[in-house]
Protein chains: 2
Amino acid sequence: MDIRTRLLETAEQLFERHGFAATGMDRLTSAAGISSRTLYKHVGNKNGLIAAVLNERDRRFHRLVEADSIDALFAALETWFGQAGARGCLFLRAWGETGGGVPEIAEAMERHKQRLRERIDAIVLAEIGRHDDDLVEAIQLLFEGATHAATYRGEAAADAARRAAHRLAGLARIA
Amino acid sequence: MDIRTRLLETAEQLFERHGFAATGMDRLTSAAGISSRTLYKHVGNKNGLIAAVLNERDRRFHRLVEADSIDALFAALETWFGQAGARGCLFLRAWGETGGGVPEIAEAMERHKQRLRERIDAIVLAEIGRHDDDLVEAIQLLFEGATHAATYRGEAAADAARRAAHRLAGLARIA
DNA sequence: GCACATGTAAAGTGACCGTTTTACACTGCC
DNA sequence: GGCAGTGTAAAACGGTCACTTTACATGTGC
């Protein structure tokens, strides 16, 4: 496996499981089996590593969530929980741990949320045949809520969100 | 002001703004104007301090959210954003930063979420005249979603969640 | 055959971490 | 008068932090 890929995958797992600040660079290099010199050549510094991990995660997330229906969207979320665990949104966690003061991290989060919104917009168009900002926003809130509620309620949160989204889409359809 | 109160308020602000790991005990004692010896006599250690901050926040939160209607619930959330800022759920953030491995913190989070659910259950009973677990869960998801979406969408997230909750309650009323 | 890029191992940088210790001052109560 | 309780300031504890440096091993391309 490519060194950079191995580094980013290892880092993502450790960040996800233990948090960003609590994951030291030494633990990371020994877990990934690379030297610290190599790590710094690849990502510059710790914030660069965090941003790289987030951007890679964003790519993977949006490859999974290429859904074109509400059902598929929340099924993808449930799949995601199974693969990556349910410990809240890693973008929000990174933003929070760094106090929101690291531009590259803040930008990664904004981009991720914006892309999610666009995906949901496309789904709403497919489901009810027109744009509906209120419905898009509601579904994004349910998605966000499920992401976080899953930490204490388990994967079932995705299904509850799916059902609520369906009810709202039904209302929008006849409005 | 009472020393313990001053300590917890200062700690809550710093934790909220910079994260838990990034807030050192030295910065905390000097910000609160107390000695580190006094701090450790009061809360034992850093995890004890975090748990104390969370439990105090839970009390304050539930004093604010004594709403008995959907409107009042989300109005309270908007008030909360104005008072405490919108940086995501501090309970989830603490749980995530500590890897979920600190019992006193995990318990504080569970208790907080359970109490929120009970509050929403009472609101649903008042709004539609009977218990409805699906509606309770949906509203909690919207509440959770607004809490986190507010970090990148601003306080308006609370209003969007309020409107979606109303639509769902309307459906449940005629079902 | 030699420069060059890319990797390793390992020690070292100063700063900061959470926590404890030492020594001292002020209060209120029996 | 004396003692317990509660606070302070300041230094010290060993450990870990992010990051750099030094020295050396590769394979690849011209």
Side-chain angles (χ1 to χ4, degrees), chain A residues 1-54 90 93-106 108, chain B residues 1-54 90 93-106 108:
Chain A
M1 189 194 300
D2 178 58
I3 273 202
R4 188 186 170 86
T5 307
R6 179 152 43 104
L7 167 60
L8 293 187
E9 283 186 6
T10 307
E12 184 174 348
Q13 281 173 26
L14 292 180
F15 287 155
E16 167 98 19
R17 194 122 41 207
H18 307 291
F20 295 87
T23 301
M25 299 299 253
D26 280 11
R27 192 177 312 177
L28 221 138
T29 50
S30 65
I34 63 173
S35 70
S36 69
R37 192 164 198 257
T38 301
L39 184 149
Y40 281 98
K41 281 207 169 184
H42 275 281
V43 295
N45 54 38
K46 191 173 187 179
N47 285 334
L49 172 60
I50 294 175
V53 165
L54 292 182
L90 200 65
R93 289 173 62 190
W95 183 82
E97 279 205 44
T98 54
V102 181
E104 36 198 331
I105 294 176
Chain B
M1 189 194 299
D2 178 59
I3 274 203
R4 188 186 170 85
T5 306
R6 180 151 42 103
L7 166 60
L8 294 188
E9 282 186 7
T10 308
E12 185 174 347
Q13 281 173 26
L14 291 180
F15 286 154
E16 167 98 19
R17 194 123 40 207
H18 308 291
F20 295 88
T23 302
M25 298 299 253
D26 278 12
R27 191 176 314 176
L28 221 137
T29 50
S30 66
I34 64 174
S35 70
S36 67
R37 192 165 198 258
T38 302
L39 185 151
Y40 280 97
K41 281 206 171 186
H42 273 281
V43 294
N45 54 37
K46 191 173 186 178
N47 284 334
L49 171 61
I50 294 175
V53 165
L54 291 182
L90 199 67
R93 288 174 61 190
W95 182 82
E97 278 205 45
T98 55
V102 181
E104 36 198 334
I105 293 176

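Just so it is clear: chains get the letters A, B, ... in the order the sequence lines come, proteins before strands, and each one is counted from 1.
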*asked:* Can you measure A/L39 atom CG to D/dT20 atom C1' for me and round it to whole angstrom units?
replied: 13 Å
*In terms of side-chain heavy atoms of A/D26, which of D/dC19, C/dT19, D/dA23 is nearest?*
D/dC19
*Select base, sugar-phosphate, or nothing to describe what A/G44 touches, counting heavy atoms under 4.0 Å on all strands.*
nothing
*asked:* At less than 4.0 Å, is any side-chain N or O atom of A/H42 found next to OP1 or OP2 of C/dT6? Yes or no.
replied: no
*Take atom NE2 of A/H18 and atom P of D/dT16, then tell me their distance rounded to the nearest Å.*
15 Å
_Which nucleotide in D/dC19, C/dG18, D/dG7 has an atom nearest any side-chain atom of A/K46_ = D/dC19
*asked:* Please report the distance, rounded to the nearest Å, between NZ in B/K41 and C1' in C/dT19.
replied: 15 Å
*Which whole-number value in Å describes the distance from B/L7 CG to D/dG7 P?*
11 Å
_Nearest whole Å is fine: how far is D/dC13 P from B/N45 CG?_
22 Å
*Once you round it to whole Å, what is the distance between C1' of C/dT19 and CG of B/L28?*
14 Å
*Do B/R4 side-chain atoms and B/V43 backbone N/O form a donor-acceptor pair below 3.5 Å?*
no
*Looking at C/dT19, does its base get a donor-acceptor pair with the side chain of B/S36 below 3.5 Å?*
no
*Do A/T38 side-chain and C/dT8 base share a donor-acceptor contact under 3.5 Å?*
no
*Whole-Å distance between C/dG12 C1' and A/Y40 OH?*
14 Å
*Roughly, in whole Å, what's the span from CE in B/M25 to C1' in D/dA10?*
17 Å
*When all nucleic acid strands are considered with a 4.0 Å heavy-atom cut-off, which category describes A/T29: base, sugar-phosphate, or nothing?*
nothing
*Candidate nucleotides D/dC19, C/dT19, D/dT8, ranked by approach to the side chain of B/I34 - the nearest*: D/dT8
*Is the count of non-hydrogen atoms from other residues, nucleotides or ligands lying under 6.0 Å from B/R27 atom CZ greater than 12?*
no
*Heavy atoms only: give me the nearest B/A21-A/A21 pair and the separation to one decimal.*
CB-CB, 3.4 Å
*Between C/dA23, D/dC19, D/dT22, which nucleotide gets closest to the side-chain atoms of A/R37?*
D/dT22
_Pairing residues for A/A94 by the side chain to side chain contact (heavy atoms under 4.5 Å, CB included) criterion, not counting sequence neighbours_ = A/F20, A/I50, A/L54, A/I105
*Closest to the B/I3 side chain, choosing from D/dC19, D/dG7, C/dG7*: D/dG7
*Using a 4.0 Å heavy-atom cut-off across all strands, classify A/S30 as base, sugar-phosphate, or nothing.*
nothing
*Ignoring hydrogens and geometry, is there a side-chain-to-backbone donor-acceptor pair from A/E97 to B/E97 under 3.5 Å?*
no
